[in-house]
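First up is the structure itself, then whatever we jot down about it.
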Amino acid sequence: MMLLSKYLLPTLKEIPREVEIPSHQLMIRSGIMRQLASGIYEWLPLGLRVVHKVEDIVREEMNLIGGQEVSLPAMQPRELWEESGRWDFYGKELIRLKDRNKRDFCLGPTHEEVITDLVRGEVRSYKELPLLLYQFQTKFRDEIRPRFGVIRAREFYMKDAYSFDATDKNAETSYNNVFGAYCKIFQRCGLKFRSVEAQTGAIGGTFSHEFMVIAEAGEEIMVSCKCGYAANLEKAECLPPPKTERKRSGLKKLEEVETKDMKTVGEVGKFLKEKPDKFIKTLVYKIDSECVIVMIRGDHEVNESKVKSYLGVNEIFLADEKTIEEVTGAPLGFAGPVGLKVKCKLLADYSVEGIVNGITGANKKDYHLRNVNMSRDFEVDKVLDLRKVKEGDACPKCGKRLEFSRGIEVGHTFKLGTKYSEALRATFLDKQGKEKYFVMGCYGIGVSRIVAAAIEQSHDQHGIIWPLPIAPFQVLILPVNYEHEKTRAISDRIYEQLESAGQEVLMDDRDERAGVKFKDADLIGIPIRVTVGEKTLAKNMVELKLRGEKEVREIQPDQVQKLITELMKEKED
RNA sequence: CGGGGCGUGGCGCAGCUUGGUUUAGCGCGCUUGCUUUGGGAGCAAGAGGUCGUCGGUUCAAGUCCGACCGCCCCGACCA
């Protein structure tokens with residue numbers, strides 16, 4: 001019997017300090033986990049049960065689409081990562097270490113290299129394809145700033161899957177299969193979620209989707225439209241502004257104005273009495289040793305992901321002041337595209353094209369330029385979409401207003417193509433005996449993150465309200481006084497009946513006052529509570545209450561198992 | 001990496017400004033006993049702390065100074 005008196009469940013009355021969002025607070029307070037170091041957590045028995053619940057659901061759905069479970073090493077040799085080019089590309093997020101012989105290793109933040117290496121060694125023929133391999137594994141990413149408990153942790157539990165196909169078309173089928181399985185997984189976990197188009201980032205590939213749990217505390221911003229378009233903020237596009245007809249006559253003469261100590265669009269705009277949308281904001285980025293100039297309209301913001309993906313790099317930084325002086329000949333705040341000292345690649349957002357007689361830095365201390373016009377006063381290498389969309393921008397699909405909402409990313413699917421198979425020379429022989437690269441996909445689900453996301457989405461002021469399918473136990477029996485003979489007898493009997501009916505039951509046999517037990521019950525959020533107390537027992541009744549509802553029903557002890565079984569069926573439908 | 005905050009029994013905190021009545025307290029939790037017993041009980045008696053680490057100042061350091069470590073928050077960029 002699972003007795004609470006013997007169960008390691010250290011609940012906390014007080015809200016732990018230094019903990020921000022509800023899910024994190026509740027995970028600590030309800031004894032689900034404890035922190036060991038920044039972004040590194042210990043799972044306690046109750047929490048681990050939830051992890052396993054999620055894991056089981058994921059495993060079932062992956063198996064249903066033909067997935068085969070493997071387990072790959074967390075510790076991976078440098079050579080493999082150099083083959084794919086990611087030893088350098090992945091940056092500081094990759095945790096590196098040396099063995100006793102000074103050989104370099106990393107702790108896997110993801111497993112494309114390892115799985116591709118495995119498959120290139122073992123799979124030779126198209127007849128063995130398609131292949132879908134997956135695993136559950138602890139991943140390591142040295143996050144720039146861990147936060148929100150397990151939502152952005154440095155060590156976390158994830159399911160990752162990799163598909164190998166003979167053709168691009170087949171790979172798309174694999175992708176769609178996983179996509180479907182993911183929808184079922186999140187549904188089964190009882191989550192309100194949405195899939196959005198996303199960027200491929202450090203993983204790479206041709207396209208990708210993120211699965212977002214809708215939650216106020218979410219770190220990610222989702223952009224969506226009534227027409228069905230949905231993307232994350234990094235990826236989201238919008239229609240370029242209608243091109244203003246630029247008549248030669250309308251172009252005024254270029255003119256220099258003094259703007260002493262005014263560096264920002266706001267300051268200069270106020271001084272010149274011009275709106276931000278007249279400005280060509282000019283940013284100097286440094287990529288390795290090269291500089292790239294990015295221009296954008298003053299009222300917009302650069303979406304660095306778009307810059308990164310256009311340039312094909314993983315990390316870009318704004319140039320330091322010294323570099324800016326070298327490139328522009330002026331201190332920070334006076335950069336512009338006209339008359340740069342050093343030849344750089346110039347990129348302009350679509351929004352810059354439409355600016356007539358714009359304002360920009362003069363590349364000269366304390367001066368700006370007025371009446372700047374693209375093509376006449378400066379040439380750019382490329383005009384493209386580089387800005388962050390704003391709420392209300394025009395949807396790229398239908399032109400209606402885009403809406404913003406927040407979410408927690410719990411899954412991500414990537415159509416990789418042949419990026420890794422080419423890098424690692426992973427090939428098979430097709431029907432014609434021709435050597436071909438595997439067409440790959442990779443698919444992640446943040447298992448530990450789902451636990452937090454579920455709480456974020458389902459709690460009240462008293463504690464967690466677990467969705468039934470991922471609850472650590474389905475039923476909590478709460479004998480008001482377990483020492484009372486009849487109470488104990490009835491409680492034990494209900495426990496046994498439920499258990500033999502396949503329910504997972506926790507018995508609060510502690511010698512605590514009723515209040516303590518009720519508070520803890522609400523806190524740990526087990527979906528069904530059966531209260532056995534002398535008061536109702538006098539009427540030969542016990543109480544049944546659902547955590548998410550107010551209503552308390554009185555029923556006969558012998559009816560408990562039957563009613564709960566029915567309730568569970570209802571919930572499943 | 002930059003800015004801010006914090007570090008004192010398991011948890012939450014006070015004490016530090018102005019060094020010495022501090023044998024380092026308080027609340028929660030924990031142990032034991034009695035009373036209580038349907039929404040975090042009362043009384044009594046206990047256990048539990050190298051005051052983050054190292055160094056310095058001083059007759060004397062939880063308290064002052066320095067370095068380091070850890071944790072949290074904001075930012076990582078708007079030119």
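We name chains A, B, ... by the order of the sequence lines, and we start the count at 1 in each one.
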Determine yes or no for a side-chain-to-main-chain donor-acceptor pair under 3.5 angstrom, with A/N357 supplying the side chain and A/K252 the backbone.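 Yes, the answer is positive, given that a donor and an acceptor are paired below the 3.5 Å cut-off.
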Short side-chain to backbone donor-acceptor contact, A/E143 and A/R145, under 3.5 Å: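 No, A/E143 side chain to A/R145 backbone: no donor-acceptor pair under 3.5 Å.
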Integer-rounded Å distance: [N] [atom2] and [X] [atom1]:
| X | N | atom1 | atom2 | value |
| --- | --- | --- | --- | --- |
| A/L544 | B/G38 | CG | C1' | 16 Å |
| A/D508 | B/G40 | CG | P | 15 Å |
| A/L476 | B/G38 | CG | C1' | 15 Å |
| A/F518 | B/U37 | CZ | C1' | 12 Å |
| A/I144 | B/G2 | CD1 | P | 13 Å |
| A/R510 | B/G40 | CZ | C1' | 10 Å |
| A/L12 | B/C13 | CG | C1' | 14 Å |
| A/I28 | B/G10 | CD1 | P | 17 Å |

Could you tell me which residues satisfy salt bridge (Lys or Arg N to Asp or Glu O under 4.0 Å) with A/R141, sequence neighbours excluded, listed by chain and number?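 For A/R141 there are no salt bridge (Lys or Arg N to Asp or Glu O under 4.0 Å) partners, ignoring immediate neighbours.
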Contact summary for [X] and [Y], nearest pair of heavy atoms:
| X | Y | result |
| --- | --- | --- |
| A/V338 | A/F378 | CG2-CD2, 4.1 Å |
| A/D261 | A/D366 | N-OD1, 3.0 Å |
| A/P479 | A/D508 | CD-O, 3.1 Å |
| A/G47 | A/I32 | CA-CG2, 3.4 Å |

Under 4.0 Å, heavy atoms only, any strand: does [X] hit a base, just the sugar-phosphate, or nothing?
| X | value |
| --- | --- |
| A/R152 | nothing |
| A/E543 | base |
| A/G533 | base |
| A/T328 | nothing |

Does a salt bridge link [X] with [Y], judged by any charged N lying under 4.0 Å from a carboxylate O?
| X | Y | value |
| --- | --- | --- |
| A/E210 | A/K235 | no |
| A/D509 | A/R488 | no |
| A/D349 | A/K306 | no |

Tell me which pairs pass ring-ring contact (aromatic ring centres under 6.0 Å, His included) where either residue lies in residues 529-561 of chain A, with sequence neighbours left out.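 As it turns out, there is no ring-ring contact (aromatic ring centres under 6.0 Å, His included) pair with a partner in residues 529-561 of chain A once direct neighbours are skipped.
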Rounded distance in Å between the [atom1] positions of [N] and [M]:
| N | M | atom1 | result |
| --- | --- | --- | --- |
| B/U53 | B/G9 | P | 10 Å |
| B/G49 | B/G25 | P | 13 Å |
| B/G15 | B/C64 | P | 12 Å |
| B/C13 | B/A60 | P | 34 Å |
| B/U32 | B/U23 | P | 32 Å |
| B/C72 | B/U22 | P | 36 Å |
| B/G27 | B/G48 | C1' | 16 Å |
| B/C65 | B/G2 | C1' | 25 Å |

Using purine N1 to pyrimidine N3 plus N6-O4 or O6-N4 for Watson-Crick, or N1-O2 and O6-N3 for G-U wobble, each under 3.5 Å, what pairs with [N]?
| N | result |
| --- | --- |
| B/G2 | B/C74 |
| B/G7 | B/C69 |
| B/A44 | B/U32 |
| B/U22 | none |

If you assign A/E534 and A/R147 each to the RNA chain B nucleotide with the nearest heavy atom, which residue ends up on the more 5' nucleotide?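 In this pair, the answer is A/E534.
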First of A/F148 and A/K92 reached from the 5' end of RNA chain B, by closest nucleotide: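 Its nearest nucleotide lies further toward 5', so the answer is A/K92.
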Extract from the structure each pairing of a protein N or O with an N or O of nucleotides 77-79 of chain B at less than 3.5 Å, listing the distance.
{"from": "B/C77", "atom 1": "N3", "to": "A/E304", "atom 2": "OE2", "distance (Å)": "3.3"}
{"from": "B/C78", "atom 1": "O2'", "to": "A/K281", "atom 2": "NZ", "distance (Å)": "3.4"}
{"from": "B/C78", "atom 1": "O2", "to": "A/K281", "atom 2": "NZ", "distance (Å)": "3.3"}
{"from": "B/A79", "atom 1": "OP2", "to": "A/V265", "atom 2": "N", "distance (Å)": "3.3"}
{"from": "B/A79", "atom 1": "O2'", "to": "A/T282", "atom 2": "O", "distance (Å)": "3.1"}

Mark yes or no for a side-chain to base donor-acceptor pair under 3.5 Å between A/N481 and B/G38, with no hydrogen or angle criteria applied.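 It does not, because no donor-acceptor pair links the side chain of A/N481 to the base of B/G38 below 3.5 Å.
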Between the base of B/G38 and the side chain of A/T531, is there a donor-acceptor distance below 3.5 Å?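 No.
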So which nucleotide from B/U37, B/G39, B/A76 ends up closest to the side chain of A/R513?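 Nearest to the side-chain atoms of A/R513, counting from C-beta on, is B/U37.
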Shorter than 3.5 Å, N or O on both sides, protein versus nucleotides 27-34 of chain B: list them out with atom names.
{"from": "B/G27", "atom 1": "N2", "to": "A/E14", "atom 2": "OE1", "distance (Å)": "3.0"}
{"from": "B/C28", "atom 1": "O3'", "to": "A/K13", "atom 2": "NZ", "distance (Å)": "3.4"}

Is the closest side-chain heavy-atom distance between A/R34 and A/P10 below 4.5 Å?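 Heavy-atom side-chain distance check passes, below 4.5 Å.
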Within the sub-3.5 Å range, which N or O atoms of nucleotides 68-72 of chain B have a protein N or O partner, and how far apart are they?
{"from": "B/C71", "atom 1": "OP1", "to": "A/S38", "atom 2": "N", "distance (Å)": "2.8"}
{"from": "B/C71", "atom 1": "O2'", "to": "A/E18", "atom 2": "OE1", "distance (Å)": "3.0"}
{"from": "B/C72", "atom 1": "OP1", "to": "A/Q35", "atom 2": "NE2", "distance (Å)": "2.8"}
{"from": "B/C72", "atom 1": "OP2", "to": "A/S38", "atom 2": "OG", "distance (Å)": "2.8"}

Please output the side-chain donor-acceptor pairs of residues 265-277 of chain A that fall under 3.5 Å, not counting sequence neighbours, one pair per line with the distance.
{"from": "A/E267", "atom 1": "OE1", "to": "A/K263", "atom 2": "N", "distance (Å)": "2.7"}
{"from": "A/E267", "atom 1": "OE1", "to": "A/T264", "atom 2": "N", "distance (Å)": "3.3"}
{"from": "A/E274", "atom 1": "OE2", "to": "A/R370", "atom 2": "NH2", "distance (Å)": "3.1"}

I need the single residue from A/V475, A/I526, A/I477 that forms a side-chain contact (heavy atoms from CB on, under 4.5 Å) with A/L506. Which is it?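 Of A/V475, A/I526, A/I477, side-chain contact (heavy atoms from CB on, under 4.5 Å) with A/L506 is met by A/I526 alone.
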